[in-house]
Number of protein chains: 2
Amino acid sequence: MYPEIIKHISQEIDFKASEIEEFISLLSEIHLSKKELLIRPNDSVNYEYFVVSGCLKAYYLDESGERHIIQFAIEDWWISDFEAFFNKEPAKLYIEAIEDSVLLGLHCDALEELFKRIPKFERFFRIKTTNAFVSLRSRILETLQKSSAERYLNFCNKYPNIEKRVTNHHIANYLGIQPESLSRIRKELLLH
Amino acid sequence: MYPEIIKHISQEIDFKASEIEEFISLLSEIHLSKKELLIRPNDSVNYEYFVVSGCLKAYYLDESGERHIIQFAIEDWWISDFEAFFNKEPAKLYIEAIEDSVLLGLHCDALEELFKRIPKFERFFRIKTTNAFVSLRSRILETLQKSSAERYLNFCNKYPNIEKRVTNHHIANYLGIQPESLSRIRKELLLH
DNA sequence: AAGTAAACCTAACATACATCAAGCATTTTT
DNA sequence: AAAAATGCTTGATGTATGTTAGGTTTACTT
């Protein structure tokens with residue numbers, strides 16, 4: 001039962017069977033069809049979600065209706081409006097399934113309880129968050145430093161499995177450029 | 001002794017006096033003069049640093065010698081080359097004092113030990129890292145979304161204490177634009 | 001199977017920002 | 001106190017990316 005997430009947590013920490021069992025008991029399974037919304041602005045966000053299968057995007061719509069993708073998630077990733085989740089604020093993001101997807105939701109209160117009962121999970125999530133923090137820092141450094149073409153190539157290198165599954169439109173949104181610009185970049189790189 | 005950091009950790013978690021004492025015993029005091037380097041590329045980074053007083057910048061020099069500031073730190077902030085620190089890799093960043101500064105260094109091994117002995121510190125650093133993670137996400141969303149002028153105004157609003165203490169050159173580096181462009185932005189905003 | 005929507009590409013033009021260069025003011029160094 | 005370095009501003013010019021528009025192909029919907 002839920003071998004994906006068991007493998008995922010066991011990679012980082014050595015849990016006892018009973019601890020894993022307790023963790024699993026907290027999860028709720030969610031099925032989403034393509035284009036279905038998991039979170040929309042003003043929702044209260046009580047869950048973070050582990051992706052068992054499928055592909056999703058987290059994005060923000062600005063005042064002028066432009067879409068800005070902050071995160072993709074495929075198998076083995078966590079996704080949520082983390083700002084809303086951790087700070088108990090209303091959502092600002094949309095989270096939408098790009099493909100039919102299966103998720104495991106973890107409720108914030110259940111998570112707090114779990115931290116108290118089994119501090120190893122506090123450790124697990126500290127390590128996960130630390131890794132995420134570090135990789136956001138490199139993403140910022142990259143946007144400060146690199147040309148759009150370089151960032152596009154890096155994206156393809158770093159996330160080949162995502163690049164194959166989302167449209168160029170999505171990738172352009174993620175990189176912070178217009179789809180037309182990405183098309184030009186791809187033309188110059190001879191990638192069509 | 002070290003009232004600043006005691007206040008800092010007590011704001012988040014209720015520690016016993018003995019726990020605080022143990023924590024304090026792990027810290028080493030570092031004094032830096034203006035322009036002195038705390039970390040330079042290829043250093044091994046065994047410490048993260050709490051700023052007691054002063055002001056520092058963490059930056060990357062790219063191949064063409066451009067400087068990109070990823071973080072400022074003033075009183076009450078933590079600073080390090082976190083990627084190098086957490087992943088035990090050689091540093092890629094410079095960390096330099098903008099003013100004479102006093103720091104408290106926390107060694108990675110001491111920190112690991114502390115986590116084992118007092119899990120509340122694991123909790124403390126999980127919460128700190130989570131907050132940092134969330135604010136990096138908004139920083140990314142902001143660079144995807146907003147004009148340079150808007151980002152400059154946001155910076156001034158969000159970090160008035162930093163804005164007062166660093167040069168416009170530094171702020172431009174942080175925002176990812178040229179100092180000349182920032183000067184023009186300020187002119188249009190009538191801020192000289 | 002036909003109709004519609006979405007994805008992708010291309011081109012012409014507009015614009016924000018970078019680049020290069022110079023000058024003045026302020027701070028730091030000697 | 002003089003000299004040097006740094007910070008800030010301004011102008012002229014270049015370039016990458018945005019904007020608008022149109023067209024082709026592919027995928028989805030009925």
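Only heavy atoms go into these numbers, but all of them, side chains included; no hydrogens, no water, no symmetry mates. Bear in mind that the values here come from a model prediction, so they are computed numbers and not experimental data. Within every chain, numbering begins at 1; the chains are lettered A, B, ... in the order of the sequence lines, protein sequences first and strands thereafter.
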- Item | Between P of C/dA6 and CD1 of A/I98, the distance in whole Å | 15 Å
- Touch class at under 4.0 angstrom, heavy-atom based, for B/T167 against every strand present: sugar-phosphate
- Check every atom of C/dT10, D/dT10, C/dC8 against the side chain of A/K187 and return the nucleotide holding the closest atom. C/dT10
- Query: Expressed in angstrom and rounded to an integer, what is the separation of A/E188 atom CD from C/dA11 atom P?
  - Reply: 12 Å
- If you look at every strand shown and take non-hydrogen atoms under 4.0 Å, does A/K34 touch a base, only sugar-phosphate, or nothing? sugar-phosphate
- Task: Round to a whole Å and report the spacing from CD of B/E180 to P of C/dA16.
- Result: 18 Å
- Message: In this structure, is the centre-to-centre distance between the rings of B/Y94 and B/H68 below 6.0 Å?
- Response: no
- Query: Can a cation-pi geometry be assigned to A/K128 and A/F125, taking NZ or CZ under 6.0 Å from the six-membered ring centre and within 45° of the ring axis?
  - Reply: no
- Send over the distance from B/Q178 CD to C/dA21 C1', rounded to a whole Å. 14 Å
- Query: At what distance, to the nearest 0.5 angstrom, does NE2 of B/H107 lie from CG of B/L26?
  - Reply: 11.0 Å
- Kindly say whether the aromatic ring centers of B/F15 and B/F23 come within a distance under 6.0 Å. no
- Message: Quick check on D/dA16: is either OP1 or OP2 less than 4.0 Å from any side-chain nitrogen or oxygen of A/S148?
- Response: no
- Which whole-number value in Å describes the distance from B/L182 CG to D/dT9 C1'? 11 Å
- Task: Look at the side chain of A/I177 and decide which nucleotide, out of D/dG18, D/dC8, C/dA11, has an atom nearest to it.
- Result: D/dG18
- Message: So, does A/S181 get its side chain near the phosphate of D/dG18, meaning an N or O under 4.0 Å from OP1 or OP2?
- Response: yes
- Message: D/dT10, OP1 or OP2 - any side-chain N/O from B/R184 closer than 4.0 Å?
- Response: no
- Taking pairs as Watson-Crick (N1-N3 plus N6-O4 or O6-N4) or G-U wobble (N1-O2 and O6-N3), each distance under 3.5 Å, the stems of three or more consecutive pairs with DNA chain C are C:1-30 with D:1-30
- Task: Taking the six-membered ring for Trp and the full ring for Phe, Tyr or His, determine whether the centres of A/Y49 and A/W77 are under 6.0 Å apart.
- Result: no
- Query: So, does B/R40 use its side chain to make a donor-acceptor pair with the main chain of B/L93 at under 3.5 Å?
  - Reply: no
- Rounded to whole Å, the NZ-C1' distance (B/K35 to C/dT28) equals 7 Å
- Mapping A/A149 and B/S183 onto DNA chain D by nearest heavy atom, which one lands closer to the 5' end? B/S183
- Message: Can you confirm if the aromatic rings of B/Y174 and B/F72 lie within a centre distance of less than 6.0 Å?
- Response: yes
- Message: Without decimals, in angstroms, what is the distance between B/N168 CG and D/dT9 C1'?
- Response: 11 Å
- Task: Could you tell me the separation between the CD atom of A/E96 and the C1' atom of C/dA6, rounded to a whole number of Å?
- Result: 13 Å
